[in-house]
Asker: 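Here it is, the structure in full.
Note that these values count all heavy atoms, side chains included, but never hydrogens, waters or copies made by symmetry. Since we're looking at a predicted model, the values are computed, not measured.
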Amino acid sequence: MFPWREIDTVLLDMDGTLLDLHFDNHFWLNLIPKALSEQRNITEKTAMEWVEQSYQNVEGTLDWYCLDYWERQMGLDIMTLHKTLVDKIQLRQDSLPFLYALKQADKRRILVTNAHPKGLALKLQHTDLALGLDEMISSHETGYPKEHPLFWQQLFQHFNLDPARCLFIDDNEAILAAAKLAGVGYQLGVANPDSQKPVKPFNDFPAIADYRHLLDELLASDSLI
């Protein structure tokens, strides 16, 4: 699928790409409307309508990913609520085999996430994700989400990357497009980010539902170096 000998660094999204997106979907689309319903003494339907509109208002911006922003908007203790669902924070079953194979093939593995640092820390605490990574960055450290070109400029500078020799993997097609526009050489989508939902189509980028399908070609490329 990819010319692995021309790729030095693999940039990896977290939620839906390395972790099962079911946690986040359940939290933001089920638990939050229920909590707001109880807090404001409104129906869950009304709470859900407010939540959906609020999400749409800031989608694609750094606020959309900012737990501090949502605490202010909702008047809820977001981190305490997160901790009630830690059992749902799960690695994809294919993530660590892929990450370990990347290491064996001498590829640099960098986590590139829009997740807020507080949420990132919680997920690292409750999974073995860090074992498969060399470095990581949250977009909140740059002041721009991955949807913004200045995020990518800062990323390349911070890690001294040649973008043409990078592969970026994400479950969001718009963010894959932003990476391509910024000069990232290769892109790959994740077609099954949420284990509880059907596979989704990708229109403009190749996509995969199991990283283990990449292992043979990845390790074969390593043997040719």
Side-chain angles (χ1 to χ4, degrees), residues 1-21 23-24 65 89-146 148 150-172 175-176 178-180 182-190 193 205-206 208 210-225:
M1 181 177 283
F2 295 104
W4 287 104
R5 284 177 290 173
E6 298 176 15
I7 296 171
D8 300 325
T9 302
V10 181
L11 308 170
L12 301 127
D13 172 51
M14 182 172 68
D15 299 313
T17 298
L18 295 174
L19 300 185
D20 190 339
L21 194 61
F23 167 82
D24 295 274
Y65 303 100
I89 300 174
Q90 301 286 338
L91 276 162
R92 292 172 54 97
Q93 292 184 353
D94 53 342
S95 290
L96 285 180
F98 178 54
L99 292 171
Y100 293 154
L102 288 173
K103 181 178 182 179
Q104 185 176 339
D106 199 30
K107 308 301 180 188
R108 191 177 180 189
R109 306 158 301 171
I110 303 177
L111 184 73
V112 178
T113 179
N114 276 330
H116 188 273
K118 293 178 182 177
L120 172 58
L122 183 70
K123 289 169 179 177
L124 292 175
Q125 178 185 350
H126 289 278
T127 68
D128 290 330
L129 178 58
L131 298 177
L133 299 168
D134 299 305
E135 295 158 295
M136 62 184 71
I137 190 170
S138 163
S139 60
H140 296 261
E141 298 172 52
T142 72
Y144 301 94
K146 290 186 293 185
H148 198 289
L150 287 178
F151 168 82
W152 296 97
Q153 291 181 26
Q154 292 195 36
L155 175 73
F156 302 149
Q157 292 170 7
H158 182 79
F159 292 111
N160 191 28
L161 299 173
D162 177 354
R165 296 187 63 84
C166 291
L167 164 66
F168 174 54
I169 307 176
D170 201 295
D171 62 299
N172 184 313
I175 296 178
L176 290 172
K180 182 177 181 178
V184 174
Y186 306 93
Q187 296 80 32
L188 177 65
V190 179
F205 298 95
I208 200 165
D210 192 328
Y211 297 126
R212 287 168 291 207
H213 294 312
L214 297 175
L215 298 191
D216 287 346
E217 67 175 42
L218 174 60
L219 297 176
S221 73
D222 176 52
S223 68
L224 295 173
I225 293 175

Asker: Return the CD to CD1 distance between Q187 and I175, rounded to the nearest 0.5 Å.
Answerer: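 With rounding to 0.5 Å, CD (Q187) is 12.5 Å from CD1 (I175).
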Asker: Donor-acceptor pair, R109 side chain versus G132 backbone, under 3.5 Å?
Answerer: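 A pair under 3.5 Å: yes.
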Asker: How many angstroms lie between CD1 in I137 and CG in N114, if you round to the nearest 0.5 Å?
Answerer: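 Result: 11.0 Å between the selected atoms.
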Asker: Calculate, to the nearest 0.5 Å, the distance between atoms OH and NZ belonging to Y186 and K180 respectively.
Answerer: 12.0 Å
Asker: Any non-hydrogen side-chain atom of Y211 less than 4.5 Å from a side-chain atom of V190?
Answerer: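 Y211 vs V190: side chains touch.
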Asker: Take L120 and H140 through the side chain to side chain contact (heavy atoms under 4.5 Å, CB included) test and state the conclusion after the steps.
Answerer: CA-CA 11 Å; L120 172 58; H140 296 261; over 6 Å; no
Asker: Report yes or no: does S138 contribute a side-chain atom to a donor-acceptor pair with the main-chain N or O of H116 at less than 3.5 Å?
Answerer: no
Asker: Using a 4.5 Å cut-off on heavy atoms from C-beta on, say whether the side chain of L18 contacts that of L99.
Answerer: yes
Asker: Can you give me the closest heavy-atom contact between D170 and T17, atom names plus distance?
Answerer: CA-OG1, 3.4 Å
Asker: Apply side chain to side chain contact (heavy atoms under 4.5 Å, CB included) to N172 and D13, showing your working.
Answerer: CA-CA 9 Å; N172 184 313; D13 172 51; over 6 Å; no
Asker: Kindly determine whether D210 and F98 satisfy side chain to side chain contact (heavy atoms under 4.5 Å, CB included), including the steps that lead there.
Answerer: CA-CA 9 Å; D210 192 328; F98 178 54; over 6 Å; no
Asker: So do the side chains of Y144 and Q153 get within less than 4.5 Å of each other, counting heavy atoms only?
Answerer: no
Asker: Would you check, one step at a time, whether the test side chain to side chain contact (heavy atoms under 4.5 Å, CB included) holds for L155 with V112?
Answerer: CA-CA 9 Å; L155 175 73; V112 178; 4.1 Å; yes
Asker: May I ask you to test the T142-L150 pair for a side-chain heavy-atom distance under 4.5 Å?
Answerer: no
Asker: Would you say that P145 contacts Y65 through its side chain, given a criterion of any heavy-atom pair below 4.5 Å between the two side chains?
Answerer: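 With C-beta onward as the side chain, the pair touches.
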Asker: Could you tell me whether the side chain of D15 and the main chain of L21 form a donor-acceptor pair under 3.5 Å?
Answerer: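 Absent.
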Asker: For a 4.5 angstrom cut-off between non-hydrogen side-chain atoms, does L219 reach Q104?
Answerer: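 A side-chain contact under 4.5 Å exists here.
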Asker: When rounded to the nearest 0.5 angstrom, what distance separates CG in L11 from CZ in R108?
Answerer: 9.0 Å
Asker: Checking Q157 side chain against Q154 main chain: does a donor-acceptor pair fall under 3.5 Å?
Answerer: no
Asker: Report yes if some heavy atom in the side chain of L102 is under 4.5 Å from a heavy atom in the side chain of W4; otherwise report no.
Answerer: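 They are in side-chain contact.
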Asker: Around atom CD of Q93, are there more than 12 heavy atoms of other residues, nucleotides or ligands at under 6.0 Å?
Answerer: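 Atom CD in Q93 is not packed in, count stays at 12 or less.
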Asker: So which heavy atom on V184 is nearest to which on C166, and how close?
Answerer: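 Distance-wise, the nearest heavy atoms are CG1-O, 3.5 Å.
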Asker: Measure the spacing between CG of L12 and CG of L133 and express it to the nearest 0.5 Å.
Answerer: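 Answer rounded to 0.5 Å: 7.0 Å.
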Asker: Would you name the heavy atoms of F151 and K146 that are closest together and state the gap between them?
Answerer: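 Taking every non-hydrogen atom into account, CE2-CG, 3.6 Å.
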Asker: What's the shortest heavy-atom distance between P193 and D20, and which atoms?
Answerer: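 Taking every non-hydrogen atom into account, O-OD1, 3.5 Å.
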Asker: Compare all side-chain heavy atoms of L167 with those of K107 and state whether any distance is below 4.5 angstrom.
Answerer: no
